[in-house]
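Just so it is clear, the structure is predicted and the values come from calculations on it, not from any experiment.
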Amino acid sequence: MALMFKSNIDRPDWWRRELNKYVPDLEVRIWPDIGDPDEIEYALCWKMPHGELAKFRNLRAIYSLGAGVDHLLADPDFPRHLPFSRVVDPNLTGRMTEYVVQHVLNHHRFCHAYDAQQREHVWKEHFAPFATERKVGILGMGELGSGAARALQFLGFDVAGWSKSLKNIDGVTSFFGDDQLKAFLARTEILVCLLPLTPETENILNRDLFAKLPEGAGIINAGRGPHLVDEDLIPALDSGQLSAATLDVFRTEPLPADHPFWSHPKIRITPHVASISDPASVARLVAENIIRTKNGEPLLNAVDVNKGY
Ligand code: GLV
């Protein structure tokens, strides 16, 4: 019983150890040293080169190493008929919640402005309203978006979420569907993108959307790089339509050293670390799905390949 493992983070031995705790007879082979591809029954992966998964003729299931699955579904030869799952894990949600809270607070308390002032040795106060008067909007109210919304609501922020369908979360206003996007944006002073990347959400953070936010709004993108139209961001920051942007994800990762985002004073960059799948908790979930695959049972956190999440 062999599993092919491919990650972009250098911790394959840790994953092997954790998986073997729960499935001792599982042979974990690290891509690209996977031996005979016909012996591979399971694939646990992040960003496989296109065409690669289709080479495993005896594959029984595919497990994404992350919450997002766009990196796999972009492969035109992805075996869409196989059982396919993604990560839904309280620790992954918890880490994303930390990231969102950290950066919403930075925007709320003018950290970008103070960083710039410190560089110039300028002592000048900016008046932050009470959290109850600060309107935060979350684009995408799945597992990660709902977790962040709850924490922000607990801190007292005036939180709304926008998603495809109505969500009922105590104290969080729900906007849904294309018709309600404009109203959601009109009230959002700090916008957080946690959408899945699908053809419908690609390029959603663009000039038109920025123009619908109140002037001086801040944005945080912890979804995917292609949600943002890169060329539209800097003009929106330079004109003051946006006050600042925090970006964790990029069209090309690592972000090329000569990309203008690196040196823009109103952009804060983190290297796709908002939330990371932790072997200590995610391996248990993957193991459960391996056992389910063996028994012919439906997977936990199964992906709907037509929806793209
Ligand atoms: C990270 O980006 C993930 O999809 O979990």
Side-chain angles (χ1 to χ4, degrees), residues 1-89 92 143 196-199 202 224-226 249 251-254 272 275-309:
M1 187 166 53
L3 171 133
M4 185 283 298
F5 176 84
K6 150 87 171 63
S7 151
N8 60 336
I9 300 170
D10 213 12
R11 293 181 205 133
D13 291 333
W14 188 9
W15 278 98
R16 180 184 279 127
R17 241 185 358 262
E18 290 295 330
L19 286 164
N20 282 146
K21 262 193 209 165
Y22 306 102
V23 195
D25 56 342
L26 183 72
E27 198 191 324
V28 179
R29 299 186 189 170
I30 314 297
W31 189 88
D33 298 323
I34 45 89
D36 179 358
D38 286 355
E39 289 170 7
I40 302 289
E41 288 173 277
Y42 314 99
L44 171 58
C45 45
W46 175 256
K47 288 195 181 166
M48 281 301 279
H50 290 183
E52 217 37 44
L53 283 168
K55 292 184 189 160
F56 299 107
R57 292 186 300 182
N58 296 321
L59 205 54
R60 298 174 64 185
I62 301 170
Y63 318 114
S64 167
L65 252 180
V69 293
D70 49 289
H71 54 104
L72 294 172
L73 289 179
D75 176 356
D77 299 319
F78 182 80
R80 295 168 73 92
H81 61 285
L82 288 178
F84 179 29
S85 68
R86 66 191 194 95
V87 174
V88 177
D89 166 43
L92 193 81
E143 290 294 321
L197 180 65
T198 67
E202 186 166 356
R224 284 287 185 258
V249 286
R251 282 179 186 263
T252 306
E253 295 181 3
H272 202 145
S275 192
I276 293 175
S277 293
D278 186 327
S281 63
V282 174
R284 196 174 44 80
L285 303 172
V286 175
E288 167 71 29
N289 270 343
I290 292 172
I291 292 160
R292 282 170 174 255
T293 310
K294 259 170 75 180
N295 296 339
E297 289 163 8
L299 300 188
L300 298 175
N301 312 314
V303 175
D304 179 337
V305 287
N306 295 316
K307 280 185 164 169
Y309 54 90

Which heavy-atom pair separates [X] from [Y] by the least distance, and what is that distance?
X    : Y   : answer
G308 : V69 : O-CG2, 3.5 Å
G68  : W46 : O-CZ3, 4.4 Å
V87  : D89 : CG1-CB, 3.7 Å
N20  : L26 : ND2-O, 2.8 Å

Taking C-beta and beyond as the side chain, do [X] and [Y] meet within less than 4.5 Å on heavy atoms?
X    : Y    : result
P76  : H50  : yes
N289 : R292 : yes
L92  : S277 : yes
L300 : E288 : yes
I30  : R16  : yes

Next on the checklist: Tell me if the CZ atom of R284 is crowded by more than 12 foreign heavy atoms within 6.0 Å.
Outcome noted: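 Open: at most 12 neighbouring heavy atoms sit under 6.0 Å from CZ of R284.
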Any donor and acceptor pair, going by atom type alone, linking the side chain of [X] with main-chain N or O of [Y] inside 3.5 Å?
X    : Y    : answer
R86  : A67  : yes
N58  : E39  : no
R60  : Y42  : no
R251 : P226 : yes

Checklist entry - Can you list every pair that meets side chain to side chain donor-acceptor pair (under 3.5 Å) and has a residue in residues 294-309, with sequence neighbours left out? => result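 Residue pairs with at least one partner in residues 294-309: there are none.
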Checklist entry - What pairs of residues pass the side chain to side chain donor-acceptor pair (under 3.5 Å) test when at least one of them lies in residues 62-74, not counting sequence neighbours? => result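 Of all non-adjacent pairs touching residues 62-74, those that pass side chain to side chain donor-acceptor pair (under 3.5 Å) are Y63-T293, S64-H71, D70-R224.
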Item to check | Given I62, V282, L65, V28, the one that forms side chain to side chain contact (heavy atoms under 4.5 Å, CB included) with L44 | outcome: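 For L44, the side chain to side chain contact (heavy atoms under 4.5 Å, CB included) check succeeds only for L65.
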Checklist entry - Checking side chain to side chain contact (heavy atoms under 4.5 Å, CB included) for the pair C45/L72: CA distance, chi angles, key distance, verdict? => result CA-CA 9 Å; C45 45; L72 294 172; 4.0 Å; yes
Item to check | Derivation of the side chain to side chain contact (heavy atoms under 4.5 Å, CB included) call for K6 and I34 | outcome: CA-CA 10 Å; K6 150 87 171 63; I34 45 89; over 6 Å; no
Checklist entry - Between F78 and L53, is a side chain to side chain contact (heavy atoms under 4.5 Å, CB included) present by the stated rule, with each step listed? => result CA-CA 6 Å; F78 182 80; L53 283 168; 3.7 Å; yes
Next on the checklist: Going by side-chain hydrogen bond (donor to acceptor under 3.5 Å, both in side chains), name the residues that satisfy it together with D77, two or more places apart in sequence or in a different chain.
Outcome noted: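 Residues passing side-chain hydrogen bond (donor to acceptor under 3.5 Å, both in side chains) with D77: none at all.
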Item to check | Cationic N near anionic O, under 4.0 Å, E253 to K47 | outcome: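 Yes, this pair counts.
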Next on the checklist: Quick check for you: to the nearest 0.5 Å, what is the distance between E18 atom CD and D13 atom CG?
Outcome noted: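 One gets 12.0 Å once the value is rounded to the nearest 0.5 Å.
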Next on the checklist: Is there a side chain to side chain contact (heavy atoms under 4.5 Å, CB included) between L285 and Y22? Walk through the geometry before answering.
Outcome noted: CA-CA 10 Å; L285 303 172; Y22 306 102; over 6 Å; no
